[in-house]
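Notes follow once the structure below has been shown.
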Amino acid sequence: MEYAYPVVGFIAGMALVATSVFTAFLYTPTTASTVDTAITAFTGATLQIGDFLSVSSVTAIVFDLLATQFGMQYPMLVPFTIAYVATHLIVYYSSLRITDVQGEPLDPDFDIRENPPPTRDAFDSGRADSAAVRPAMNVR
């Protein structure tokens with residue numbers, strides 16, 4: 001029962017992050033309308049709150065285990081700093097990825113089974129925008 005709150009916090013946080021990513025995947029804002037603004041705010045808020053809950057929960061469990069199992073105790077500033085930095089890095093990276101997802105609206109005529117995504121080698125070699133990769137990506 002000792003880890004009940006952190007575990008519930010972690011699960012709730014991951015559910016909020018998943019909701020944020022799923023919302024961003026399904027809806028791409030195209031204007032400055034009230035609906036687009038509200039959905040963008042919802043996506044950002046659920047991402048930040050979910051990330052905060054998840055990182056805080058993991059940090060609490062890890063530093064408690066370090067103290068109880070290994071006898072390593074740290075000042076409160078250490079877990080706070082680690083959680084703060086991790087939260088901001090994750091939100092920053094996630095925001096970049098969501099922006100990438102929303103940069104290409106879903107094409108209703110696209111069937112991934114007929115057009116598999118390009119291999120990772122194409123992106124690593126810098127050929128992702130070449131004519132050879134474009135048909136596989138269904139870029140028009």
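All heavy atoms count here, side chains included; hydrogens, waters and symmetry mates do not.
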Test side chain to side chain contact (heavy atoms under 4.5 Å, CB included) applied to Ile39 and Thr23, step by step: CA-CA 8 Å; Ile39 290 176; Thr23 302; 3.9 Å; yes

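- Annotation for Ala24 and Thr43: closest pair CB-CG2, 4.0 Å, computed over non-hydrogen atoms.
- Val8 belongs to no hydrophobic cluster with other residues, because no ILVMFWY side-chain heavy atom falls under 4.5 Å from its own, directly or through intermediates.
- Side-chain atoms of Val17 and Ser94, non-hydrogen and from C-beta on, never get closer than 4.5 Å to each other.
- Counting all heavy atoms, side chain and backbone alike, Thr37 lies closest to Ala32 at OG1-O, 3.8 Å.
- Not less than 6.0 angstrom separates the ring centroid of Tyr92 from the ring centroid of His88.
- Under the 3.5 Å distance criterion, the side-chain polar atoms of Thr87 are left unmatched by any main-chain donor or acceptor of Phe52.
- Rounding to the nearest 0.5 angstrom, the gap separating the OH atom in Tyr84 from the OG atom in Ser56 is 13.0 Å.
- Contact record, Ala83 with Thr59: CB-OG1, 3.6 Å, taken as the closest heavy-atom pair.
- A distance-only check finds a donor-acceptor pair linking the side chain of Ser54 to the backbone of Met14 [under 3.5 Å].
- Leu16 forms part of a hydrophobic cluster together with Ile49, Leu53, judged by ILVMFWY side-chain heavy-atom separations under 4.5 Å.
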Output, in order, the C-alpha distance, side-chain angles, deciding distance and verdict of side chain to side chain contact (heavy atoms under 4.5 Å, CB included) for Ser57 and Val7. CA-CA 7 Å; Ser57 298; Val7 170; over 6 Å; no

Do any side-chain atoms of residues 62-78 form donor-acceptor pairs under 3.5 angstrom with protein atoms, and if so which ones, sequence neighbours left out?
unit_1 : atom_1 : unit_2 : atom_2 : d
Asp64  : OD2    : Tyr3   : OH     : 2.5
Thr68  : OG1    : Asp64  : O      : 2.9

Verdict with reasoning, Val55 to Ile90, per side chain to side chain contact (heavy atoms under 4.5 Å, CB included): CA-CA 9 Å; Val55 170; Ile90 292 169; 3.8 Å; yes

Checking Phe10 against Ile61 for the side chain to side chain contact (heavy atoms under 4.5 Å, CB included) test, could you report, in this order, the C-alpha distance in whole Å, the side-chain angles of both residues, the deciding distance, and whether it holds? CA-CA 10 Å; Phe10 177 76; Ile61 291 171; over 6 Å; no

